[in-house]
Amino acid sequence: MADCRLAEVDHLERRVRRRRGVKDVILSKLSRSLSCSTTKLKRTFTDFFPVVRWLPKYKLKEYVWGDIMSGLIVGIILVPQAIAYCLLAGLEPIYGLYTSFFANIIYFLMGTSKHVSVGIFSLMSLMVGQVVDREVYLAGFDLSEDSKSATMSLDGVWNGTGVSNDATVNLTLGGFSLACGKECYAISIATALTFLTGIYQVLMAVFQLGFVSVYLSAPMLDGFATGASFTILTVQAKYLLGLKIPRHQGYGTVVVTWINIFKNIHKTNFCDMITSAICIAVLVVGKELQDHYKNRLKIPLPTELVVVVVATLVSHFTNLNMQYSSSISGAIPTGFIPPKVPSFELMPKVAIDAIPLAVISFAFTVSLSEMFAKKHGYMVRANQEMIAIGFCNIIPSFFHSFTTSAALAKTMVKDSTGCQTQVSSVVSAFVVLLVLLVFAPFFYSLQKCVLACIIIVSLRGALRKFRDVPKQWRVNKLDAIVWMVTMSSSTLISVEIGLLVGVVFSMLCVVARTQNPKVALLGQIQNTSHYEDLGEYDNLCAVPKVKIFRFQAPLYYANKDFFLKSLYKAVGLEPFLEVAKRRKAEKKAKDLAAKHAKGSDSTNGDAALGLVTRDLDFHTIILDCSSVPFIDTAGMLTFKMAMKDYKGVGVRVLLACCNPPVIDALKCGSVFGPNDKDMDSLTFHSVHGAVLFACDSAAAVGDLAV
């Protein structure tokens with residue numbers, strides 16, 4: 001110990017910080033927020049529309065080719081996916097095209113990421129579809145495929161070609177001047193839900209609630225995405241076999257749907273089944289070739305578009321719908337439906353459902369934006385991303401669109417094909433616009449099973465997460481458990497409940513870690529002033545007569561009892577038991593002394609008193625608080641009680657490496673006595689300083705005794 005008696009820092013003087021009153025803070029913020037100037041207006045406008053800032057600096061010769069190529073390729077991929085994902089949303093294909101078009105244009109104007117592709121997303125489509133089907137069912141409509149009619153009416157604006165079905169029930173909504181049939185009611189629900197989702201996201205941005213996304217851990221999000229992917233696969237499986245099974249309402253969709261599929265397996269449409277097998281084979285082979293030769297291929301293979309075009313031509317010329325009763329997409333009108341204000345009467349029905357949609361959409365968009373910004377070395381503003389994705393939902397909801405989000409697959413395609421700016425989103429929107437104005441009717445004969453194949457094959461990445469579970473288990477068992485719990489609840493109960501279970505379980509895991517943290521007794525590294533865990537390292541020296549205890553967690557009401565039990569076990573002394581033993585020994589000594597009081601020899605009494613003051617193998621406990629970020633009132637009282645109890649048995653408790661918030665909490669509890677007079681003798685800036693003080697104090701006491 002003498003060899004490593006290094007210079008120690010004296011007690012530092014804390015700076016006196018003047019804290020502004022709440023009133024002053026509020027007035028200051030209001031004055032800054034409400035002040036107006038030309039510079040501030042310009043900055044606000046450019047912050048709200050980042051395109052105004054970067055578009056004038058656009059390097060035409062350097063960027064234009066990459067943006068056009070990536071925009072065209074993403075647009076080509078986007079068209080079949082936009083049509084296909086409408087199956088998940090329970091809506092007509094035209095609405096997927098509207099959604100893709102408006103989302104790309106709005107994000108181009110308001111987004112801060114150069115690479116993110118915002119538009120239709122399978123998970124969002126599934127969650128929208130579950131709400132749409134539930135409300136359509138509750139409104140009294142028939143959910144079976146046979147009840148669907150291509151005839152739609154929105155204020156008499158346009159009517160698709162098709163045969164109307166008598167089973168369709170008409171409802172008159174306050175927001176519509178004419179009777180609203182099934183498909184009209186479905187898109188009304190979707191737009192009301194989308195509008196509220198966007199409103200929630202903008203409010204989150206206004207009130208700086210982006211921190212909510214920090215509670216969505218990566219294992220939880222992966223498990224949620226995998227569980228939702230399995231649900232999507234289940235929902236689409238009926239189309240592969242050509243079965244007319246309505247989507248199950250309520251919990252246990254996966255289990256009930258598979259039971260219904262096997263019950264109706266004898267009704268399989270062999271035309272759809274064969275088509276599905278061929279399409280899945282082609283799509284999977286195309287994806288595998290793309291993955292295998294991704295370094296050699298300059299552009300992705302447009303496998304989905306090829307499959308859609310070929311399948312549409314085959315279905316049209318062989319008349320599969322009439323000959324084999326194969327389900328087809330039906331009429332997709334050209335042009336745009338006039339905008340319509342979302343129905344405010346329907347919003348109370350979907351207000352709660354919009355909350356998980358808003359959080360998940362925001363979380364995926366911001367995480368993708370930050371990931372690609374970090375990769376390419378630029379900054380994104382999370383708050384503006386939240387505003388951008390919010391308006392990508394609010395504005396399109398007036399144009400018969402549904403909820404959007406950033407999509408990983410299309411973003412990666414943009415990045416790999418030379419995307420430089422969001423000009424590529426305008427190019428993708430132009431491709432969708434071309435389909436809306438010209439090519440939409442040509443998809444009339446496209447089989448629904450082909451769309452289901454596109455959806456299912458797109459889930460390969462999420463479903464492959466099952467292969468990562470053993471590796472995740474080896475790396476971190478608790479994260480693997482979070483993944484499995486979230487995935488299982490999302491699959492077996494429902495997507496929304498799975499998200500809630502995942503968030504709650506993740507937080508409980510954090511609480512569990514702080515309730516039972518790691519504790520350790522420390523020993524000195526030879527010839528240094530550093531100390532480490534005696535149980536983890538060899539060649540450490542235990543400091544004589546001193547116990548150094550480290551608690552690696554915040555000390556609060558939930559783990560205060562664990563702290564005390566761990567401390568008692570580590571040092572091998574429970575002060576209240578020691579006091580009880582001493583009292584018992586003292587009583588026994590007194591009884592023994594009284595019994596022999598009449599004797600001439602008084603040594604027995606002295607010997608008995610020696611039992612009371614037995615020596616301990618240590619005189620000081622040093623609490624290493626370097627891993628204690630904060631303490632609450634219960635933690636402060638626990639420290640105070642431990643110091644008092646050990647003082648009662650002749651053991652001093654010192655505190656080392658306390659951060660300022662912990663010191664302030666202890667001061668508020670008068671742990672250091674009146675006016676903090678004992679603070680300098682109880683707290684130290686390092687463990688070594690506390691050890692030197694303990695040894696010097698013990699030596700001084702020993703010299704006085706001599």
Side-chain angles (χ1 to χ4, degrees), residues 76-94 96-97 120 122 125-126 129 144-146 148 150 162-163 229-230 232-247 257-258 260-290 301-332 435 439-460 463:
I76 290 170
I77 295 172
L78 191 58
V79 169
Q81 287 190 353
I83 297 172
Y85 288 161
C86 285
L87 284 180
L88 286 173
L91 302 170
E92 291 297 311
I94 188 69
L97 296 173
I120 197 165
S122 59
S125 301
L126 172 68
S144 65
E145 294 292 323
D146 293 334
K148 281 196 174 184
V163 182
S229 298
F230 199 79
I232 293 170
L233 186 152
T234 300
V235 171
Q236 297 303 300
K238 64 180 181 180
Y239 294 108
L240 303 183
L241 302 175
L243 299 176
K244 305 294 192 298
I245 302 173
R247 186 181 294 187
T257 301
W258 281 111
N260 289 335
I261 287 174
F262 284 111
K263 283 183 177 179
N264 294 273
I265 198 71
H266 60 283
K267 299 179 182 178
T268 298
N269 186 308
F270 288 98
C271 176
D272 284 348
M273 186 179 71
I274 294 170
T275 303
S276 300
I278 295 172
C279 290
I280 288 177
V282 173
L283 289 167
V284 169
V285 170
K287 294 293 184 183
E288 291 297 328
L289 289 174
Q290 175 69 42
L301 298 174
T303 315
E304 291 94 343
L305 184 63
V306 172
V307 167
V308 166
V309 171
V310 173
T312 303
L313 291 173
V314 171
S315 176
H316 175 73
F317 287 107
T318 57
N319 201 9
L320 297 180
N321 176 241
M322 296 299 294
Q323 291 193 23
Y324 301 102
S325 300
S326 180
S327 296
I328 58 174
S329 298
I332 303 177
V435 174
F439 296 109
F442 293 103
F443 294 105
Y444 177 87
S445 299
L446 178 60
Q447 294 167 271
K448 289 184 178 179
C449 64
V450 176
L451 300 177
C453 292
I454 293 173
I455 294 172
I456 289 172
V457 173
S458 70
L459 303 175
R460 289 163 62 248
L463 295 175

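Between Y324 and C271, the closest heavy-atom pair is CB-CB, 3.7 Å. Of all non-hydrogen atoms in L459 and L233, the two that sit nearest each other are CD1-N, 3.8 Å. Taking every heavy atom of both residues into account, V450 and C279 meet most closely at CG2-SG, 3.9 Å. Scanning all heavy atoms of the two residues, the minimum distance from W258 to T234 falls at NE1-OG1, 2.9 Å. Nearest heavy-atom pair, L88 versus L126, reported as atom, atom and distance to 0.1 Å: CB-N, 4.1 Å.
Rounding to the nearest 0.5 Å gives a distance of 10.5 Å between CE of M273 and CD1 of I278. Atom CD1 of residue I455 and atom CD of residue Q236 lie 4.0 Å apart, to the nearest 0.5 angstrom. Once rounded to the nearest 0.5 Å, the distance linking CD1 of I280 with CD1 of I454 reads 11.0 Å. Here S327 contributes atom OG and N269 contributes atom CG; the two are 7.5 Å apart, rounded to the nearest 0.5 Å. One finds the CD1 atom of I332 at 6.5 Å from the CG atom of L97 (value rounded to the nearest 0.5 Å).
Contact check for K238 versus T257: no side-chain heavy atoms found under the 4.5 Å cut-off. Considering only heavy atoms from C-beta on, L451 comes within 4.5 Å of L446 through its side chain. Side-chain contact check for Y444 versus I328: some heavy-atom pair is nearer than 4.5 Å. Residues F443 and V435 meet the side-chain proximity criterion, which asks for heavy atoms closer than 4.5 Å. At least one side-chain heavy atom of K448 sits less than 4.5 Å from a side-chain heavy atom of L87. When side chains are defined from C-beta on, T268 counts as touching I265, because their heavy atoms get closer than 4.5 Å. In this structure the side chain of S458 never reaches within 4.5 angstrom of the side chain of E304, judged on heavy atoms. Looking at I120 and L78, their side chains come closer than 4.5 Å, going by heavy atoms from C-beta outward.
Panel note: side chain N321, backbone S326; a donor-acceptor pair is recorded below 3.5 Å. Remark: side-chain polar atoms of N264 are not paired, donor with acceptor, to backbone N or O of K267 under 3.5 angstrom.
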Sequence neighbours left out, cut at 3.5 Å: what donor-acceptor pairs do the side chains of residues 305-320 make with other protein atoms?
unit_1	atom_1	unit_2	atom_2	d
T312	OG1	V308	O	2.6
S315	OG	S445	O	2.6
T318	OG1	V314	O	2.4

Given the rule in the side-chain contact (heavy atoms from CB on, under 4.5 Å) test, do D272 and Y239 qualify, once you have shown the distances and angles that lead to the verdict? CA-CA 8 Å; D272 284 348; Y239 294 108; over 6 Å; no

